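Take a look at the structure set out below.
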Amino acid sequence: MVSFPPIRSLMCMLAIAIAMPSCVYDYEGDCEGDYFMRLTILNHWSVTPEVFPEGMAYFFFPKNGGEPWRFDIPGADGGEVKVPNEAYRFVALNDDFRSVLLKDDDSYEKMEVTTVAGNLFDGAGDAVAASESLPARSGELDSQEVRMCPDMMWSDAMPSVVVGLDDLAYTVRHIPDGDEEMMKSRGMILPTIMHPIVSTYHFTISNVVNLNGVKRVCGAMSGLAASVNLAGYRHSSEAVTVPVGVRRVDDTTLGGEFLTFGLPSAAEVKTVLSLFVWLSDGRRINYEFDVTGQTATAPDPMNVWIRLDGLELPESEPSSGAFDVSVDTWNTIVINIYG
């Protein structure tokens with residue numbers, strides 16, 4: 001596990017590294033004047049007991065200012081760390097991600113997770129689709145940035161962790177009401193309760209006619225939150241579009257699922273499921289389904305189901321040859337969903 005901030009005193013760093021051989025501490029401060037206390041982070045997964053991330057990152061933000069301490073520890077259980085005895089704010093999250101970016105990770109109040117830029121056709125899973133021209137999109141969809149779906153993520157945040165010379169106190173935040181309670185620790189143990197901070201969205205389109213004439217299909221969901229603030233689990237007001245894969249469930253059904261930060265805090269943003277269809281005869285169609293009514297009223301915002309029924313595709317004879325990339329025209333069809 002590795003901690004930050006930057007090196008200031010080589011002698012201090014060596015002294016601490018000797019005290020804990022499995023760690024390298026780069027500490028900016030007076031080695032003789034600071035007392036480093038050993039505490040154990042103990043993660044609890046009662047909310048999602050089946051989850052075991054490959055590694056976790058732990059951030060201690062000194063309340064009196066200065067750079068945060070970061071510890072990266074393999075596994076999901078937690079582990080021992082050593083920090084100076086003072087008051088902190090604390091954030092824990094899994095660090096085994098590929099599409100996620102940490103922003104403002106030097107500030108407890110501003111620290112958030114977002115994702116890397118993507119291509120509208122990344123859900124197709126092949127380089128040919130990613131290089132093709134994009135369809136014209138209706139309304140505000142055309143101006144939304146395309147971002148990749150996040151990896152699965154869990155986090156816990158505490159506005160106060162007080163490390164004493166022989167005791168430890170910490171704030172417990174009760175989800176979802178947000179009430180806070182200061183607790184005393186036994187044995188210098190800092191317990192966390194990991195909560196998922198991304199949602200799983202599922203979608204199905206049943207009773208699809210002429211599905212056998214489809215050469216390639218993928219999708220995108222627009223109107224989703226660009227990021228999540230870790231201190232307060234607040235969704236950004238910025239809306240983005242994420243590319244998603246679409247699979248054939250059977251001869252008349254399309255479906256898929258993806259991870260997302262959920263809905264943005266801006267209530268006026270619409271959620272639109274786009275379906276990009278390449279027909280065997282070379283035609284390309286972009287279907288846009290306004291599914292705001294289903295996402296906004298989902299009983300469980302962490303596990304959302306979108307169900308569409310009835311889609312008639314144009315007839316197209318299946319072709320055994322290569323897809324005709326010379327056809328460069330998209331036809332966009334907007335379908336309003338009621339209820």
Side-chain angles (χ1 to χ4, degrees), residues 2 4 51 53-59 68 70 72 91-135 137 140-155 157 194-203 216-247 256-266 269 271-276 286 295 302 304:
V2 181
F4 302 86
V51 173
E54 295 179 3
M56 301 289 298
Y58 307 94
F59 293 80
R70 171 174 176 168
D72 289 86
V91 170
L93 72 158
N94 59 302
D95 61 2
D96 56 341
F97 46 74
R98 292 177 292 180
S99 298
V100 171
L101 299 174
L102 290 179
K103 295 181 62 178
D104 296 316
D105 57 356
D106 59 348
S107 168
Y108 173 82
E109 291 81 6
K110 296 180 179 179
M111 185 178 180
E112 65 179 14
V113 287
T114 185
T115 58
V116 299
N119 181 282
L120 197 61
F121 296 150
D122 279 339
D126 62 74
V128 175
S131 65
E132 294 185 8
S133 63
L134 302 178
R137 312 184 71 208
E140 70 276 5
L141 302 186
D142 202 43
S143 62
Q144 286 187 15
E145 186 177 358
V146 178
R147 296 284 189 91
M148 297 299 292
C149 292
D151 306 278
M152 189 61 200
M153 298 200 70
W154 305 266
S155 181
M194 292 298 163
H195 297 270
I197 58 173
V198 299
S199 303
T200 303
Y201 276 41
H202 316 261
F203 62 91
R216 181 193 293 119
V217 61
C218 65
M221 183 73 82
S222 302
L224 298 174
S227 61
V228 171
N229 174 275
L230 295 177
Y233 306 116
R234 297 183 300 273
H235 291 186
S236 67
S237 60
E238 178 189 1
V240 297
T241 296
V242 300
V244 300
V246 179
R247 69 176 184 274
E257 58 274 327
F258 60 95
L259 299 177
T260 169
F261 292 129
L263 300 179
S265 58
V269 176
T271 313
V272 176
L273 174 63
S274 296
L275 187 69
F276 308 115
N286 167 30
T295 58
M302 304 305 294
V304 176

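We use all heavy atoms of the structure for the numbers below, so side chains are in, but hydrogens, waters and symmetry mates are not. Source: prediction; values computed, not measured.
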(Q) Between Leu263 and Val269, does the side-chain contact (heavy atoms from CB on, under 4.5 Å) criterion hold? Intermediate values first, please. (A) CA-CA 9 Å; Leu263 300 179; Val269 176; over 6 Å; no

Q: State, to 0.1 Å, how close Met221 and Leu224 come at their nearest heavy-atom pair, and which atoms those are.
A: CG-CD1, 3.6 Å

Q: Measure the spacing between OG1 of Thr241 and CZ of Arg147 and express it to the nearest 0.5 Å.
A: 11.0 Å

Q.
Determine whether a donor-acceptor pair (N or O, by modelled atom type, separation under 3.5 Å) exists between the side chain of Asn94 and the backbone of Met152.
A. yes

Q: Return the minimal non-hydrogen interatomic distance between Ser155 and Leu230, and the atom names on each side.
A: OG-CD2, 4.0 Å

Q | Donor-acceptor contact present, side-chain Thr115 to main-chain Cys149, <3.5 Å | A | no

Q) If you measure from CG on Asp95 to CG on Leu102, what distance do you get to the nearest 0.5 Å? A) 9.0 Å

Q: Please tell me if the side chains of Phe97 and Val113 come closer than 4.5 Å, counting only heavy atoms from C-beta onward.
A: no

Q | Taking every non-hydrogen atom, the tightest pair across Ser237 and Ala266 | A | O-CB, 3.7 Å

Q: Begin from the C-alpha positions of Val272 and Arg137 and carry the test side-chain contact (heavy atoms from CB on, under 4.5 Å) through to its verdict.
A: CA-CA 11 Å; Val272 176; Arg137 312 184 71 208; 5.7 Å; no

(Q) Distance check, rounded to the nearest 0.5 Å: Ser227 atom OG versus Ile197 atom CD1? (A) 10.5 Å

**Q.** Note, Val146 side chain near Val242 side chain (heavy atom, < 4.5 Å)
**A.** no

Q: May I ask you to decide if Ala226's main-chain N or O and Thr114's side chain share a donor-acceptor pair within less than 3.5 Å?
A: yes

Q) Near Glu109 CD, under 6.0 Å, is it more than 12 heavy atoms from other residues, nucleotides or ligands? A) yes

Q) Once you round to the nearest 0.5 Å, how far does SG of Cys218 lie from CG of Asp122? A) 8.5 Å

Q.
Between Arg216 and Asp126, is the side-chain contact (heavy atoms from CB on, under 4.5 Å) condition met? List the steps.
A. CA-CA 10 Å; Arg216 181 193 293 119; Asp126 62 74; 3.3 Å; yes

Q) Going by heavy atoms in the side chains, are Phe203 and Phe258 under 4.5 Å from each other? A) yes

Q: First locate atom OG of Ser222, then atom CD of Glu145, and finally report the distance between them rounded to the nearest 0.5 Å.
A: 12.5 Å

Q: Could you grab the distance from atom NE2 of His195 to atom CG of Leu93, nearest 0.5 Å is fine?
A: 14.0 Å

(Q) Do Phe261 and Pro150 make a side-chain contact, defined as non-hydrogen atoms from C-beta onward lying under 4.5 Å apart? (A) yes

Q. Asp105 and Arg70: which non-hydrogen atoms are nearest, and at how many Å?
A. OD2-NH1, 4.5 Å

Q) With under 30° as parallel and over 60° as perpendicular, where do the rings of Phe276 and Phe121 fit, or are they tilted in between? A) perpendicular

Q. Which heavy atom of Gly123 sits nearest a heavy atom of Pro243, and at what distance?
A. N-CB, 3.9 Å

Q | Heavy-atom check, side chain of Leu275 versus side chain of Val217, under 4.5 Å | A | yes

Q: Heavy atoms only: give me the nearest Asn229-Glu112 pair and the separation to one decimal.
A: CA-CB, 3.9 Å

